[in-house]
Structure formats: C-alpha cells, structure tokens
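Working notes, structure below.
If you're wondering where the values come from, they're calculated on a predicted model, not measured in any experiment. Heavy atoms only: backbone and side chains are in, while hydrogens, waters and symmetry mates are out. Just so we're on the same page: letters track the sequence lines, and every chain starts at 1.
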Number of protein chains: 2
Amino acid sequence: MTVSRAFRQDTSVGKKTRDKILRIAENLGYVFDSTASNLRSQRTGFVAVTIPSLNNANFADTVRGLNETLLEYGLQILLGYTNYKVENEEHLIEQLLRRRPEAIVVTGGRHTRRARRLLENAGIPVVETWDIPQDPIGHIVGFSNADAMSQMVEHLHDVGARRPTFIGGDDNGDTRGADRRQGFVAAAQALGLDYHLLSLGAPPVSMREGARAMGEILDAQDGTDAVVCVSDLAAFGALSECQRRGVKVPEDMLIAGFGAFDISDISTPAISTIDAHAYEIGATSGALLAGLLRGDPPIPNTPTITRLSPALKVARSTSAKM
Amino acid sequence: MTVSRAFRQDTSVGKKTRDKILRIAENLGYVFDSTASNLRSQRTGFVAVTIPSLNNANFADTVRGLNETLLEYGLQILLGYTNYKVENEEHLIEQLLRRRPEAIVVTGGRHTRRARRLLENAGIPVVETWDIPQDPIGHIVGFSNADAMSQMVEHLHDVGARRPTFIGGDDNGDTRGADRRQGFVAAAQALGLDYHLLSLGAPPVSMREGARAMGEILDAQDGTDAVVCVSDLAAFGALSECQRRGVKVPEDMLIAGFGAFDISDISTPAISTIDAHAYEIGATSGALLAGLLRGDPPIPNTPTITRLSPALKVARSTSAKM
DNA sequence: GTGAAAGCGCTAACAA
DNA sequence: TTGTTAGCGCTTTCAC
C-alpha cells in the first residue's frame with residue numbers, strides 16, 4: 001500500500017499523505033520491519049566487517065572510518081571479531097554471510113581455505129584491509145607491513161642502533177605481525193645489523209607483554225641497543241620497564257612502536273612509531289563500497305588495489321645518540 | 001522440505017539424510033538465508049547494543065563479555081555507537097529496532113524522550129548498563145558511578161590530599177562522567193576539602209586532554225595536591241605532564257583515574273583507579289538475556305537490578321605522603 | 001499519485 | 001522421519 005512508499009525517501013507520495021501516514025505510524029508506535037523489506041528487496045543494507053580484536057584502537061579507528069562513510073549511504077555495519085584466529089574468522093564469515101550482507105570487509109589477507117571459498121562465492125564485493133595479500137580475493141585497501149617496518153629499522157640505523165631486537169607475538173593468525181617481523185629482519189640483514197627476535201606467545205601483544213620482554217632483554221644483557229615493537233602498546237610497556245629499572249630512553253635504549261596509538265605521543269619520552277592511517281583504511285573502504293553498492297552509475301566490479309603509505313613518525317624515543 | 005530441518009540442530013532428521021544434505025549444500029555453495037528465516041520465525045537472533053564509543057577499552061570489554069555469553073545461545077550482537085550524544089542514540093536505537101533485535105542493551109540511563117518511548121514500546125527485553133538509572137526502562141546491570149568516585153576521594157583524603165581537583169568533560173551526554181563528578185563533589189564536601197573542578201569540553205576526555213588539564217593546574221599554582229580524573233586515560237595524560245615538568249608523583253601530586261585500563265597498572269608509577277568490572281557488566285547482561293530469550297523454562301520478564309561493586313585499586317600514584 | 005496481486009525463502013502446523 | 005500448505009511483512013510490477 002501507500003504506507004510502504006511513505007517510509008522511503010525517493011518514491012512518489014503526496015506530501016500531505018506522507019506526513020499523515022508518518023504521524024499516525026509514530027502514534028501507533030509502528031516500527032518499520034526491515035526483515036521483511038530485506039527479504040523481498042534482496043537488500044539488507046548490511047556490510048559485514050571482521051576485525052581481529054575490538055580492544056584495539058587501530059581496528060576501532062578503521063571501523064569508525066567505515067561506519068562514518070557507510071552511514072550516509074544507509075549501510076549498517078555487522079561487526080565480528082576473530083581474536084586473531086583464522087578458524088574463528090571462518091566461522092564468523094559463515095555466520096555473517098547468512099545475514100546476506102551486501103559487501104564484506106575483512107582484516108588481512110590470510111584465511112582458511114573454506115573461508116576463502118565462502119568469500120569468493122558470496123557474490124558480493126569483498127575488501128581485504130591492513131595488508132597487501134599475494135593472492136587477493138577482491139578489493140584491497142592496505143599497505144605493506146613489512147616495508148613500513150623496514151623503514152623504521154633504517155631510521156634506527158641512522159640514529160645509531162647496531163643491535164636491534166624485535167618484540168612481537170607468534171605468527172599464527174597475525175599476518176600483520178609476521179609481516180612486520182619479516183620487514184624488520186629484511187632491513188636488519190640488508191644493513192648488516194646484529195639483530196635479535198623475541199616472541200611472546202599468541203597475540204594480542206599488549207603493554208604487559210612489552211614490559212616483560214624488555215625485562216628479559218635487560219636481564220640478558222645481550223647488547224641490545226634498540227627495541228622494535230609490533231605495536232605501540234608493547235613499546236610503551238617496554239619503555240615503562242626501562243624507566244622502572246632506571247634505563248634511560250633514548251640515551252641507553254632506543255624504542256620504536258607501530259600504529260600511532262595515542263600513547264605514543266603522550267608518553268614521556270614520546271615513542272617513534274608508524275602511522276598506518278587506520279581511519280583512512282576504513283574510510284577508503286567505505287567510500288569504495290558505497291560507490292559499488294549505491295553508486296549511480298554502478299562502478300564495474302573489477303578488483304581495485306588501494307595502497308596506502310604509512311608515515312614514519314620520529315619522536316624522542318629514538319633520538320640520535322649523538 | 002527436509003533441508004530446512006537439516007540446517008537446524010534439534011529437529012528430527014535421519015543422520016544419513018542430514019549429512020547428505022549438508023554435503024550437497026556445501027558443494028553447491030548454498031548459504032542458509034537467515035533473512036527469510038528471521039521473517040517467518042519472527043526471531044532474528046540479534047541483540048542490539050549501543051555504546052558511547054568503540055574506541056574505549058571499557059566499553060569494548062563490555063561488548064566482549066556480552067558477545068562471549070550470547071554466542072553460546074546463537075545470538076549475535078548488532079552494535080552501534082553514539083559518540084556520547086543522546087540524539088545520536090535516539091536515531092541509532094530507531095535504526096536498530098527496525099532490524100527486530102530480540103533484546104537491546106544500552107549504555108547509561110539517560111535517553112531522549114522518544115528513545116525512551118521506542119525502548120518501552122519495543123516489546124523486547126531492555127538492559128541499561130554502566131549506571132543505576134533513577135527511572136529504569138527495563139533491567140539494570142550497573143553500579144553507582146558517584147559512590148565509586150566518592151570512595152576514591154575518601155581514599156585520597158586518607159593519604160593526605162586536602163585540595164583535590166576533578167578533571168572531566170562536559171556533562172552533556174556523558175551521564176557517567178557527570179555522576180563521577182557529582183560523587184567527587186559530594187565526598188569532598190562531606191570531608192570538608194577545598195576542591196576544584198576542571199571541565200574539558202565534550203567527551204571523550206582522553207590522554208591529551210588530561211595532560212592539558214594538568215598543565216593548567218600546574219600553571220595556576222592553586223595549591224592542588226591531588227587530581228581525580230574521569231578516566232585512566234586522562235589520568236595518564238596528567239601523570240605524563242607532571243613527569244614532563246619534573247613534578248613528582250605521588251610526592252608532589254597525587255593522581256587517580258577510573259576504569260582500570262591497562263595503562264593504569266603498567267605506567268610508572270601505577271595509577272590508582274576504580275575497576276568497574278566492564279567485562280562482567282557485559283557477561284552478566286548476556287547471561288540475563290540468554291536466560292530470558294532462550295531459557296527453558298522462560299524466566300518471567302520482571303525487571304531485575306544487578307548492582308555491581310566497583311573495586312578501588314590503590315597504586316603508587318596515590319601512596320601516602322607520609 | 002495510489003491500489004491490487006504476487007512472491008522473496010524460509011518455518012509452523014499439521015498430515016502421512 | 002518426511003512432506004504439504006500457508007504465510008511472515010514487506011516490495012515489485014503493473015494497472016488505474
């Protein structure tokens with residue numbers, strides 16, 4: 001009936017009729033039932049999103065960026081998190097696809113075989129973020145974690161580091177962390193540095209783990225003069241441990257992080273980091289999808305690659321030794 | 001047909017038949033369409049959740065607690081954030097209710113009149129969290145922000161504070177912040193302390209704002225000997241500013257936060273805080289809803305009040321002056 | 001600008 | 001254990 005039209009924007013209904021309908025509906029306490037609408041129109045207005053963790057300001061920023069862009073197009077995020085486990089991701093993707101999202105945004109480029117197949121066969125736009133996968137499923141909005149980390153190692157070399165240690169988590173499930181470690185190793189080797197690697201168990205590697213790692217390093221007295229952390233949270237933990245023990249940063253130890261978390265520029269000293277532009281990853285993905293799903297004329301669905309350039313942010317924690 | 005039954009847990013289908021159906025479905029790339037199921041069965045499996053901000057470890061923990069409990073009951077969270085604005089909340093609630101969630105969990109007890117009406121008329125269980133509203137809509141899982149803060153002020157008084165300053169944001173939209181301020185004032189007055197209030201604009205009040213506030217306090221030289229912050233993030237910012245200026249904590253300045261964020265016990269010195277049990281708020285709400293929605297026998301839907309007791313965590317940042 | 005008929009893909013209820 | 005019928009509340013299509 002006309003009521004249906006009145007509840008939509010574009011359709012042709014007499015202004016008076018519409019106002020009357022909406023007023024009566026409000027009084028009746030009627031709430032539009034989108035489940036029926038979704039079924040009939042075959043559009044849910046959902047964009048499914050998977051992130052490793054809710055409790056991470058970087059991914060939260062990406063979701064914010066996505067949400068703010070999608071909101072204008074009447075698209076709503078259906079969010080799930082994987083706890084950095086690809087098996088969880090598979091199950092999550094399966095559940096999300098049942099809800100018939102119009103697109104899906106996943107974090108990272110590594111998936112179980114079945115998850116991959118589900119994504120490929122879903123018949124909706126797929127965006128992989130925070131990474132540049134070798135073998136992309138659909139669109140990409142990401143950056144090279146390895147290159148970004150290499151850049152940091154080069155910077156550390158420039159300011160006098162000769163024996164850097166990398167602090168990160170296990171590789172399982174956290175490809176971004178693994179890529180960062182790999183970038184660290186590649187650069188350290190290229191520069192002929194005597195480097196170390198310290199692994200701290202399953203991600204997320206947080207403040208406490210960073211502190212613990214720094215404790216181990218200082219106990220070992222292995223000559224480490226710089227510490228490169230998989231994230232700013234670990235870096236802050238490491239910094240904190242140094243301060244607890246009276247080790248001066250940057251004089252006696254250089255510390256670098258990743259992610260440009262708030263803590264990196266409020267801590268004393270501020271921590272050098274890589275700004276991966278988390279918000280932009282979301283905003284860019286959102287704009288891409290909005291164009292694909294709501295665009296007039298519809299943009300052809302050929303996979304795009306948006307390669308963002310992380311920014312090296314140098315701060316006091318890696319100031320030149322002299 | 002039998003296929004429908006095969007995709008559910010409980011129903012009676014021959015084991016062989018079910019396996020065969022599921023196998024064939026997998027090969028065909030069939031994905032169950034829950035939009036149709038939702039419409040017909042009038043159950044979506046959604047629980048709508050609104051939080052002020054994604055970018056806050058406290059609310060993220062609450063959502064985790066909710067999710068982990070609800071997951072077992074086949075319920076999925078439909079998450080939205082309000083940016084601490086009740087007008088946004090109203091719009092968000094309206095959008096979420098269109099999706100026909102089976103329950104809704106909101107943060108706080110203050111809502112626009114229309115949002116209230118929407119919640120009351122939704123015909124589903126409503127849970128208000130992180131607060132003990134005067135005039136509850138449905139269930140409550142929360143605590144008194146004011147009492148918790150009063151407890152902190154009493155502790156500060158015990159360790160020698162005589163002129164505490166409260167650092168928080170504007171009251172608009174952030175009732176929890178406002179309640180904490182009120183608890184601060186109440187306790188300070190009861191103890192006869194000479195207190196100050198510093199307001200920093202719209203929430204969220206984060207690290208940077210905390211640092212700025214501490215800067216103002218130190219510049220003013222108003223005799224402030226203790227700073228009580230609306231959250232640990234602000235408290236850490238304040239601590240950081242002290243360190244930058246060579247003001248010793250706790251010797252020259254006591255600092256207290258709220259929320260038991262990671263930073264509070266990794267910073268040097270560790271920051272005294274209130275653990276509001278964010279995760280438990282979510283887990284408790286989830287268990288309550290699971291019981292209501294999936295419980296056998298169904299629990300009568302009389303509003304419950306679960307009052308949690310925040311824990312005062314004393315750390316070095318408020319150690320006795322002597 | 002408005003109405004009538006058909007149907008989206010499931011599941012409830014009943015029958016076999 | 002399996003099949004049949006009807007219908008969830010919208011939107012699409014077409015007629016007026």
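Salt-bridge formation is not detected for the pair A:Arg110/A:Glu128: no Lys NZ or Arg NE/NH1/NH2 atom is positioned less than 4.0 Å from an Asp or Glu carboxylate oxygen. No salt bridge links A:Arg23 with A:Asp19; every basic N to acidic carboxylate O contact stays at or beyond 4.0 Å. Salt-bridge check for B:Lys85 with B:Glu90: failed, with every basic side-chain N at 4.0 Å or more from each acidic carboxylate O. Checked for salt-bridge contact, B:Glu89 and B:Arg114 miss the test: no charged N lies under 4.0 Å from a carboxylate O.
Remark: C1' of D:dT2 and NZ of B:Lys16 are 17 Å apart, rounded to the nearest angstrom. Taking atom CG on B:Asp33 and atom P on C:dC8, their separation rounds to 12 Å, with Å as the unit. Put simply, CD1 on B:Ile21 is 15 Å from C1' on C:dC10, counting in whole angstrom units. A:Arg5 has its CZ atom 8 Å from the P atom of C:dG3, to the nearest Å. In this structure, B:Arg8 places its CZ atom 13 Å from C1' of C:dG9, rounding to the nearest Å.
Of the residues near DNA chain D, B:Thr17 and A:Tyr30, the one whose nearest nucleotide (by heavy atom distance) lies more toward the 5' end is B:Thr17.
At least one side-chain heavy atom of A:Gln95 sits under 4.5 Å from a side-chain heavy atom of A:His91.
Remark: A:Arg64 is not positioned above the aromatic ring of B:Tyr81, lacking an NZ or CZ atom under 6.0 angstrom from the ring centre and at most 45 degrees off the axis.
Close to D:dG9, at under 4.0 Å from its OP1 or OP2, lies no side-chain N or O of B:Arg98.
Only A:Ala36, A:Ser37, A:Arg40, A:Ser41, listed by number, bring a heavy atom of residues 34-47 of chain A to less than 4.0 angstrom from any atom of DNA chain D.
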